[in-house]
Amino acid sequence: MPVAPGQGACAFLIGGIMMSNEVRVRYAPSPTGHLHIGNARTALFNYLFARNKQGKFIIRIEDTDKKRNIAGGEESQLKYLKWLGMDWDESVDVGGEYGPYRQSERNDIYQTYYNQLLENGHAYKCYCTEAEIEAEREEQTERGETPHYSGKCRHLTAEERAKLESEGREPSIRMVVPEGKTFTFNDMVKGTVSFESEGMGDWVIIKKDGTPTYNFAVTIDDYLMKISHVLRGDDHISNTPKQLMVYEALGWEPPIFGHMTLIVNESRKKLSKRDESIIQFIEQYEELGYLPEALFNFITLLGWSPTGEEELYSKEEFIEIFDANRLSKSPALFDTNKLTWMNNQYMKKIEVDRVLELSMPHLVKAGRLSENLTEEEQQWAKSLVSLLQEKMSFGAEIVELSDMFFKEEAEFEEDAKEVLSGETVPQVLKAFSEELEKLENFKADEIKAAMKAVQKSTGQKGKNLFMPIRAAVSGQTHGPDLPQAIELLGKSKVLKRIQKLIG
RNA sequence: GGCCCCUUGGUCAAGUGGUUAAGACACCUCCCUUUCACGGAGGUAACACGGGUUCGAAUCCCGUAGGGGUCACCA
């Protein structure tokens, strides 16, 4: 069966031996910052694709721009990939047979190949200075042309080169862009995409400082690391022809490319790091007490959809059902609202102890609890979390949800004031406080019984019974299960609040 | 501006020539619960526009409009 160009073969014959073409994909972060949701999604789809195909998932660190690398960037990237639940087969930390996995350690490798390109005439040294190029660009712009390098160093003679070098000029190396050529590839998500070489301009593959540029390093590495599919963000699509021309110049078979849409913000633009409408770093979600499995689930459903109607999946299920053909072609907006809902779905299902773990740091930070709790306090905190668990969307929410339990006095909302102005309220509260006084243990079931007693003695029931009590005790008309909330509040605080109202 | 890509409810989205155009979030209503919440049942709401092709188009083709991406010795 013939295979479409650029499709790559699933299997091919070498010397009569059937070699299976293993799926090898990579996530290639540049350690310039923390793990971003957009990058996390790219990593996630690569991971899912690899695991679904029983292939390899590789992480390569793209640190060719020394100026932009930040301390701890690499560790942070790996840490949060792991936190989200991913694991990998080859990388800087676990090694692998195609290393090194840090581009800054592969300079000698790049050298081999740019020398090859220099020799076969696909690349040349360029002695232009930054100022010269800038001037050229300005001229072109003034003339209304699309700025691109003119290629003036392309045909330098050996003498001219020697002269420029004797002036102390450091060369960069540029790719010779073939004229009148169309680069076409079959994109896994977009279908057939093509670019004309016209107007591209001979681009730099090696900077003056000797380090490779992104498009060059990526090509060499992807090939040498036997990457079978390059699944990356849409913003890389216009880099593809540059990379294709390197593959071609070196006589290599390119991988299959797939360009996934970007995640956009509320104004439908690519997320910028400065965007404040959306929390952008995975680290921040961890800090806020989100669940990694929920985030994993949510991000996977951004730009990809399963066949059925179910939306909640575990990592294992996603691996099972992942199909790159179902990647969306149009950009997705990050809907915080839905993430919140989804995280709550997971929150309701996990063990109380885990919710407690997610909540404690926030209670401590808010000054509600101290770090070292007595056995009794620990128990109380656990009950509190357990009571609020089903309402929590993420850990940090515990602070506002538990507000009423930490205030000496209730703060009354408008609705609550209205409830408390009811005619029958005083008698209900009075009766209730008398019932509470009698209680030995002050446990939820006793409290519930006390309410029952109040109902009998006052004749008030339903809303007329519960709302005044809730409002008096919490200052609100909404909240968690009343008897339990009252138990947690504690006898003295509850009585004090009620007595204050009935004078 | 050049090049490339995209366009189904407010949002995420299913849909691959014939459907009453799924489902989820959000919103609204009702039911359940002696309160609240949970849960359950309903509801409002979409194929950007204009031409073709076809017996038939959200689906195919061509335009138009809108949006986005990218144009570095950044990745």
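Computation of the quantities below employed the complete heavy-atom set of this structure, encompassing side-chain atoms and omitting hydrogens, waters and symmetry-equivalent molecules. Just so it is clear: chains get the letters A, B, ... in the order the sequence lines come, proteins before strands, and each one is counted from 1.
Rounded to whole Å, the C1' atom of A24(B) lies 11 Å from the corresponding atom of A14(B). Here the separation of G1(B) from G10(B), taken at their P atoms, is 28 Å to the nearest Å. Taking atom P in both A57(B) and C61(B), the straight-line distance is 15 Å, to the nearest Å. When the C1' atom is used for both U59(B) and U44(B), the distance is 27 Å, rounded to whole Å. Here, U70(B) and U54(B) have their P atoms 42 Å apart, quoted to the whole Å. As rounded to the nearest Å, A46(B) and G9(B) have C1' atoms that lie 4 Å from one another. When the C1' atom is compared between G63(B) and C25(B), the two are found 36 Å apart, to the nearest whole Å. C60(B) and G68(B) have their P atoms separated by 24 Å, with the value rounded to a whole Å.
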Please output the side-chain donor-acceptor pairs of residues 469-480 of chain A that fall under 3.5 Å, not counting sequence neighbours, one pair per line with the distance.
residue	atom	partner	partner atom	Å
Arg470(A)	NH1	Pro480(A)	O	3.1
Arg470(A)	NH2	Pro480(A)	O	3.0
Ser474(A)	OG	Arg470(A)	O	2.8
Ser474(A)	OG	Gln476(A)	N	3.1
Ser474(A)	OG	Gln476(A)	O	3.4

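An OP1 or OP2 oxygen of G15(B) is reached within less than 4.0 angstrom by a side-chain nitrogen or oxygen of Arg326(A). Put simply, Thr64(A) has no side-chain N or O that comes within less than 4.0 Å of OP1 or OP2 on C74(B). In this structure, Lys270(A) reaches the U70(B) phosphate: one of its side-chain N or O atoms is under 4.0 Å from OP1 or OP2.
Atom-to-atom, CG of Asp234(A) to C1' of G67(B) comes out at 13 Å; the value is rounded to the nearest Å. In this entry the distance linking CG of Leu312(A) with C1' of G23(B) reads 13 Å, nearest Å. The separation between Arg41(A) atom CZ and C12(B) atom P is 12 Å, rounded to whole Å. Regarding Lys190(A), its NZ atom lies at a distance of 9 Å from the C1' atom of C4(B), rounded to whole Å. Between the NZ atom of Lys67(A) and the C1' atom of C74(B) there is a distance of 9 Å, given to the nearest Å. In this entry the distance linking OH of Tyr27(A) with P of A75(B) reads 15 Å, nearest Å. The nearest whole Å value for the distance from the NZ atom in Lys269(A) to the C1' atom in C6(B) is 15 Å.
Residue Lys207(A) places its side chain closer to C73(B) than to any other of G23(B), C73(B), A26(B). Nearest nucleotide to the Ser328(A) side chain, out of A13(B), A75(B), C73(B): A13(B). Residue Phe195(A) places its side chain closer to C4(B) than to any other of C4(B), G23(B), A26(B). Listed nucleotides U11(B), G69(B), A75(B) differ in distance to Tyr214(A); the shortest reach to its side chain belongs to A75(B). With G1(B), U70(B), C12(B) as the choices, the nucleotide that has an atom nearest any side-chain atom of Asp235(A) turns out to be U70(B). Closest contact between the side chain of Ile237(A) and the listed nucleotides C25(B), C74(B), C4(B) involves C4(B). Counting only heavy atoms from C-beta on, Lys329(A) has its side chain closest to C6(B) among C6(B), A13(B), C25(B). The side chain of Glu62(A) lies closest to A75(B), out of C5(B), A75(B), U70(B).
Without hydrogens or angle criteria, Arg174(A) side chain to Cys126(A) main chain gives no donor-acceptor distance under 3.5 Å. Checked by atom type and distance alone, the side chain of His229(A) never pairs as donor or acceptor with a backbone atom of Leu231(A) at under 3.5 Å. Side chain of Lys125(A) to main chain of Arg161(A): no donor-acceptor pair is present (N/O by atom type, distance under 3.5 Å, no hydrogens or angles).
Glu311(A) comes within contact range of at least one nucleobase, with a heavy-atom separation under 4.0 Å. At a threshold of 4.0 angstrom between heavy atoms, the contacts of Ser172(A) include nucleobase atoms, whether or not backbone atoms are also involved. Among the atoms of the strands shown, none is found under 4.0 Å from any heavy atom of His148(A). In this structure, Arg68(A) reaches the bases: a heavy-atom distance under 4.0 Å links it to at least one base atom across the strands shown.
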Indicate for each nucleotide in nucleotides 30-46 of chain B, in 5' to 3' sequence, whether protein heavy atoms under 4.0 Å reach the base (B), only the sugar-phosphate (S), or nothing (-). ----BBBSSS-------

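A salt bridge links Glu311(A) with Lys338(A): at least one charged nitrogen is closer than 4.0 Å to a carboxylate oxygen. A salt bridge links Glu139(A) with Arg143(A): the distance from a Lys NZ or Arg NE/NH1/NH2 to an Asp or Glu carboxylate oxygen falls below 4.0 Å. Ion pairing of Lys190(A) with Asp187(A) is absent here, as no side-chain N (NZ or NE/NH1/NH2) approaches a carboxylate O to less than 4.0 Å. For Glu434(A) and Lys430(A), the salt-bridge test passes: some basic side-chain N is under 4.0 Å from an acidic carboxylate O. The pair Glu411(A)-Lys407(A) counts as a salt bridge, with a side-chain nitrogen and a carboxylate oxygen less than 4.0 angstrom apart. In this structure, Lys417(A) pairs ionically with Glu414(A), as a charged nitrogen and a carboxylate oxygen lie closer than 4.0 Å. Ion pair Lys270(A)/Asp234(A) not flagged as a salt bridge, since none of the NZ, NE, NH1 or NH2 atoms sits closer than 4.0 Å to an Asp/Glu carboxylate oxygen.
Annotation: of the two residues near RNA chain B, Ser330(A) and Asp65(A), the 5′-most nearest-nucleotide partner is Ser330(A). Along RNA chain B, the nucleotide nearest Thr146(A) and the nucleotide nearest Leu339(A) are compared for position; the residue whose nucleotide lies closer to the 5' end is Thr146(A).
Between Ser402(A) and Phe406(A) the shortest heavy-atom distance is O-CD1, 3.2 Å.
Between the side chains of Asn325(A) and Asp323(A), at least one donor-acceptor pair of N or O atoms lies under 3.5 Å.
In this structure, Lys181(A) is positioned above the aromatic face of Phe183(A), its NZ or CZ under 6.0 Å from the six-membered ring centre and within 45° of the axis.
A distance below 6.0 Å separates the ring centres of Phe322(A) and Phe45(A). In this structure, Trp203(A) has its ring center no closer than 6.0 Å to that of Phe216(A).
For Asp63(A) against A75(B), no side-chain N or O and base N or O form a donor-acceptor pair under 3.5 Å. At a cut-off of 3.5 angstrom, the base of A24(B) holds at least one donor-acceptor pair with the side chain of Lys338(A).
For RNA chain B, the residues of residues 296-309 of chain A within the heavy-atom distance limit of 4.0 Å (strictly under) are Leu301(A), Leu302(A), Gly303(A), Ser305(A), Glu309(A), sorted by number. Scanning residues 133-140 of chain A for heavy-atom distances under 4.0 Å to RNA chain B yields Ile133(A), Arg137(A).
Screening residues 205-223 of chain A for side-chain hydrogen bond (donor to acceptor under 3.5 Å, both in side chains) gives Arg26(A)-Asp222(A), Arg60(A)-Asp222(A), Gln103(A)-Asp221(A), Arg106(A)-Asp221(A), Tyr110(A)-Asp221(A), Asp209(A)-Thr211(A), Tyr214(A)-His236(A), Asn215(A)-Asn239(A), Asn215(A)-Gln243(A) as the qualifying pairs, with residues at least two apart or on separate chains.
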Where each pair must be Watson-Crick or G-U wobble with both distances under 3.5 Å, what dot-bracket representation of RNA chain B is obtained, with crossing pairs in [ ] and other-strand partners as |? (((((((..(((.....[....))).(((((.......)))))....(((((..]....))))))))))))....

